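Here is how names work: the chains are called A, B, and so on, in the same order as the sequence lines, proteins then strands, and each is numbered from 1. Note that the structure is predicted; figures quoted are calculated from it, not measured. Worth knowing before you read on, the calculation uses all heavy atoms, side chains too, and leaves out hydrogens, waters and symmetry mates.
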Amino acid sequence: MPELPEVETIAQGLRPLLTHRTITGIPHLAPHLNPQGPNSLIEKLIGQQIQGVSRRGKLLFLDLSPTERIAFHLRMTGRLGMSPAGEPPGAHVHLLINLDNQSALYFQDQRKFGTFRHYTEQELNAWPFYSRMGPEPLSVGEEEFLGRVEGRRGRIKALLLNQEVVAGIGNIYADESLFRAAIHPATPASALSRPRITSLYHALQNVLREAITAGGSSIRDYRTAAGLVGTFQNAFQVYGRKDQPCLRCAESLRTTKVAGRTTCYCPTCQPEPVSG
DNA sequence: AGACCCCTGGAC
DNA sequence: GTCCAGGGGTCT
């Protein structure tokens with residue numbers, strides 16, 4: 001579910017509620033999500049004060065100290081939110097963290113793809129998914145983005161989805177940014193001129209900024225930290241709009257598969273690359 | 001690059 | 001029933 005704008009929205013919502021709170025208990029912890037053993041995690045967390053909430057790509061961190069944090073990856077259906085302490089976990093709640101102000105942070109995940117783990121900085125840097133992660137798309141400079149995309153083999157959408165190229169893009173924002181840049185998702189990156197990659201860079205930044213402002217996109221499961229739906233789904237131009245008219249040219253939008261993901265595009269505004 | 005895998009539930 | 005879903009890992 002959550003891509004960069006959704007994780008950022010959740011982080012912004014949790015930050016004022018969690019910063020400087022002390023963890024007083026872990027009343028619920030699903031064993032299947034805790035390979036290190038329950039006592040190991042509980043011992044590491046009880047009594048710790050949360051120093052802040054941060055995000056890197058699609059990872060959300062509870063910062064416990066300069067060298068210790070909890071990393072959450074929400075994958076498809078993960079949610080983070082607050083509930084009154086002592087409230088019994090609802091369906092699919094896999095972690096409950098009691099805090100020193102009678103509130104609790106919960107992690108809920110219907111499909112159980114989501115993960116969380118306590119990391120030291122050393123352990124985090126030894127995690128390839130983290131250490132190999134590309135730059136933040138909203139911070140990366142135009143030149144660096146060009147350098148990471150220009151001339152590479154692979155289709156442009158696959159590169160956008162590759163967290164080592166740029167971190168935090170998923171199926172929605174890949175499709176939306178490619179439509180805005182008028183690039184067919186299956187175009188080999190090597191077939192894109194510098195001006196077209198630059199156009200994609202700006203389209204990507206714009207769509208991510210707008211989505212964060214809208215509180216993210218709620219297709220099914222995503223909710224903000226306060227349990228509210230985002231509204232950027234109302235601004236989708238291609239995602240989920242198969243067979244509906246293109247908002248720019250009225251042509252019927254189509255789907256194809258790129259990088260194993262359903263991909264929605266306009267066959268007129270995003271023409272197939274000439275040579276393939 | 002593609003085929004599965006993890007898992008649950010909604011749409012058809 | 002079957003297919004599909006904001007993700008990512010592994011294996012061919």
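The gap from the P atom of B:dC5 to that of C:dT2 amounts to 15 Å, rounded to the nearest Å. One C1' atom belongs to C:dG1, the other to B:dC6, and the distance between them is 22 Å to the nearest Å. Distance noted for atom C1' between C:dC3 and B:dC4: 16 Å (whole Å). Atom P of C:dC4 sits at a distance of 13 Å from the matching atom of B:dA3, rounded to the whole Å.
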Applying the Watson-Crick and G-U criteria (both distances under 3.5 angstrom) with [ ] for crossing and | for other-strand pairs, one obtains for DNA chain B ||||||.|||||
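C:dG8 has its base anti relative to the sugar, with a glycosidic angle deviating from 0 by more than 90°.
Residue A:D221 contributes atom CG, which lies 18 Å from atom P of C:dC4 at whole-angstrom precision. In this structure, A:Q108 atom CD and B:dT8 atom C1' are separated by 13 Å, rounded to whole Å. Computed from coordinates, the A:R55 CZ to C:dG6 P distance equals 20 Å when rounded to whole Å. Here the P atom of nucleotide C:dG8 and the CZ atom of A:R117 are 18 Å apart, to the nearest Å. Here the P atom of nucleotide C:dG8 and the CG atom of A:L160 are 13 Å apart, to the nearest Å. Nucleotide C:dG6 holds its C1' atom 10 Å from the NE2 atom of A:H73, rounded to whole Å. Distance, A:R223 CZ to C:dG6 P: 16 Å, rounded to whole Å. Between A:I219 atom CD1 and B:dA11 atom C1' there is a gap of 15 Å when expressed in whole angstrom units.
With the nearest nucleotide of DNA chain C identified for both A:L161 and A:T262, A:T262 has the one nearer the 5' end.
A donor-acceptor pair shorter than 3.5 Å can be found between the side chains of A:Q49 and A:Q51. With hydrogens and angles left out, the side-chain atoms of A:T268 and A:E251 include a donor and acceptor closer than 3.5 Å. Side-chain contact of A:H118 with A:E123: a donor-acceptor pair under 3.5 Å is absent, judged by distance alone. A:T77 and A:D109 share a side-chain donor-acceptor pair at under 3.5 Å.
In terms of phosphate contacts, A:H92 brings no side-chain nitrogen or oxygen within less than 4.0 Å of OP1 or OP2 of B:dT8. At least one side-chain nitrogen or oxygen of A:Y239 sits closer than 4.0 Å to the OP1 or OP2 atom of C:dG6. Dashed line: the shortest gap from a side-chain N or O of A:S218 to OP1 or OP2 of C:dG6 is not under 4.0 Å.
Using a 30° and 60° split on the angle between ring planes, A:F61 and A:Y130 fall in the perpendicular class, above 60°.
In this structure, the side-chain contact (heavy atoms from CB on, under 4.5 Å) partners of A:F129, at least two apart in sequence or on a different chain, are A:L59, A:H73, A:W127, A:M133, A:Q163. Residues that satisfy the side-chain hydrogen bond (donor to acceptor under 3.5 Å, both in side chains) test with A:H20, not counting sequence neighbours, are absent from this structure. Not counting sequence neighbours, the partners of A:Y201 by the side-chain hydrogen bond (donor to acceptor under 3.5 Å, both in side chains) test are A:Q205.
For residues 149-195 of chain A, the ring pair (Phe, Tyr, Trp, His ring centres under 6.0 Å) pairs, not counting sequence neighbours, are A:H184-A:Y265.
Looking at A:R56 and A:E136, a side-chain N of the basic residue comes within less than 4.0 Å of a carboxylate O on the acidic one, giving a salt bridge.
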Each nucleotide of nucleotides 1-7 of chain B classed B (base within 4.0 Å of a protein heavy atom), S (only sugar-phosphate) or -, in 5' to 3' order, makes SS---BB
